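Some notes on the structure that comes next.
Everything quoted here is computed from the prediction, not taken from an experiment.
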Amino acid sequence: MLNTILQLAVSGAALGFVYALVGIEYSLIWNATGLLNFSHDKIITLGAYVAAGLFFTKMGLPIPVSFILSIVVMILVGFLMATVVLNPLRKMTTIFTIMGTILFGKMIYELIRLLYGSAPFTVPGLMTGTVHIGSLVIAKSNVYIIVIAVIVVAALQIFMQTTKTGKAMRCVQQNKKASELMGINVKQNIRITAAISSVICLIIGFMVIPLYTVSLSMASMIGLKGFAAGVVGGFGFLPGCIVGGIVVGLIESASVLVIPSVYKDAVAFLVLIIFLLIKPTGILGKKS
Amino acid sequence: MLSIKSIDTYYGEVQALMDVSVEIGEKEIVAIIGSNGAGKSTLMKSIMGLVHPAKGTIEFKGEVISSLNTWDVVKKGVIYIPEGREVFPELSVLENLEMGAYSKKYSAKELKGKLDMAYDLFPRLKERQKQKAGSLSGGEQQMLAIARGLMSDPKLLMCDEPSLGLAPVIVDEMFDTIVRVNQEMKIPIIVVEQNAYMALTISQKAFVMENGRVVQSGDSQELISSPEIKKAYLGG
Ligand SMILES: Nc1ncnc2c1ncn2[C@@H]1O[C@H](COP(=O)(O)OP(=O)(O)OP(=O)(O)O)[C@@H](O)[C@H]1O
Ligand SMILES: [Mg+2]
């Protein structure tokens, strides 16, 4: 029993970190532009296809090389998104901004479908295997996910707190007019934010390949649950995404002890609804 | 140094500036006064590229800047301290000051020197340097806004209603500081003010705005004793 609980805790934490990164990836865009990026799950999917489909499977490059080349591609995708969607739309009415990001996602989706078809595929040997600790058996993919997520979170934090561009990102979040008056090129800063966000999407997409395989719908569930994680933790607040992600991941994972696992996916949304009713500002959220 | 040549500025369909021309010379303090909605802030925003004039040109040191982006105007050394302070509430006082130097590539030592200068002007900011700017009082935030504006070594400083919402003692301090900055840094300063008396007292030259136009301009001392100005802006 104890082993089962520990195993569920580890897989719950791993899922939780995935949700946390999703929360962070769209909160970055929300904070910088005030836009909800409805294309984010498509960008996650694109990341997985570019890394696993294009560079690894089609071109036969080693995994690390594929990954690094994919970073370059995803930075360009972020720049493109900021230039054609986020910067032009952020001063418009909500309905345009929603449609804009949805259509951008739709274009990515159709592009992937055209290039790769709709059959899912796997990457043999990617983060497979198990580690044994005593009688406890843990999937290596879970360990990878937790380690990578922690590194991403730490790196992002250091970037935002210490670099000039990172500090400027925090300024742009807080007051765009004052940022411009400091000499910050706000459009450029939003392009950089979008690039960081889409690189995080790539990392998410890549990490979950062992869990969900590479498919057109691989990210739709984590996209929604990551959104839930952000709300549960405190919307637009990066540490809140981490707390919310882990809470949602652990609850979801533990739920199989009491309810049939087919209902597992509903648990995250149940948690989301409970929080919206009881504490809409989230666990760490500030009153606004 | 700054020469604004008959500009028209619009917000959508609404015209906020009509044929406005203003000249700012080296090292002088220039007051811009006028009642609410006269277009004073719009004139500042037009200089900064926050809005772009539809007609006319703005030249700074002989260079046309009226079509530049705000951040590029800042790089030329034109610094605007907007009305309403606009500090970064979630950043500490120190971080706010550092952001004031964003457009510059200072060495650690130069940055330190600039910070010392800011703290010398406003010792209260030094005591509160670790505190979040959002938790400062209104007057302290105004000090921070001015200090932040000075961090980038401006060639021209523009203060929009620096006295708004401040206690009378602090208002005097604020104007003293503006005069001190003008003399020590030897830079021209534009002061936009509702407090016309104070603005005319510390300035050498003044422009009076009404309904989007400059309706009067000249020597501040003369304006202060002109019956029209007395009646309209100095309460009799
Ligand atoms: N963002 C805006 N959109 C539309 N109209 C605006 C905007 N900002 C200012 N205006 C209009 O332009 C005119 C001039 O406004 P401005 O802010 O320049 O006045 P001001 O002289 O600075 O007034 P105050 O002393 O109250 O600050 C006003 O009629 C105002 O309603
Ligand atoms: Mg104004």
Check each atom of [X] against the heavy atoms of chain A and say whether the ones under 4.5 Å are side chain, backbone, both or neither.
| X | answer |
| --- | --- |
| B:V87 | backbone |
| B:R148 | side chain |
| B:L91 | both |
| B:A145 | neither |
| B:M99 | both |

Side-chain donor-acceptor pair present, B:T9, B:S46, cut-off under 3.5 Å: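 Their side chains do contain a donor-acceptor pair, which is all the 3.5 Å distance test asks for.
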Side-chain donor-acceptor pair present, A:R191, A:Q188, cut-off under 3.5 Å: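 On atom types as modelled, these side chains qualify, holding a pair under 3.5 Å.
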Basic-acidic side-chain contact under 4.0 Å: B:E110, B:K104: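 No, no charged N to carboxylate O under 4.0 Å.
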B:N182 side chain vs B:I187 backbone, donor-acceptor pair below 3.5 Å: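 Yes.
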Among A:K187, A:Q173, A:K177, residue most engaged with chain B (heavy-atom pairs, under 4.5 Å):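 Top count of heavy-atom pairs under 4.5 Å with chain B: A:K177.
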Heavy-atom pair count under 4.5 Å with chain B, highest-scoring of A:C171, A:A178, A:A168: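 The candidate making the most pairs under 4.5 Å is A:C171.
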Aromatic B:Y102 / basic A:K164 pairing, under 6.0 angstrom, 45° off normal: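 Output yes; distance and angle both within limits.
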Verdict with supporting geometry, B:I146 and B:F122, side-chain contact (heavy atoms from CB on, under 4.5 Å): CA-CA 10 Å; B:I146 294 181; B:F122 301 106; 4.1 Å; yes
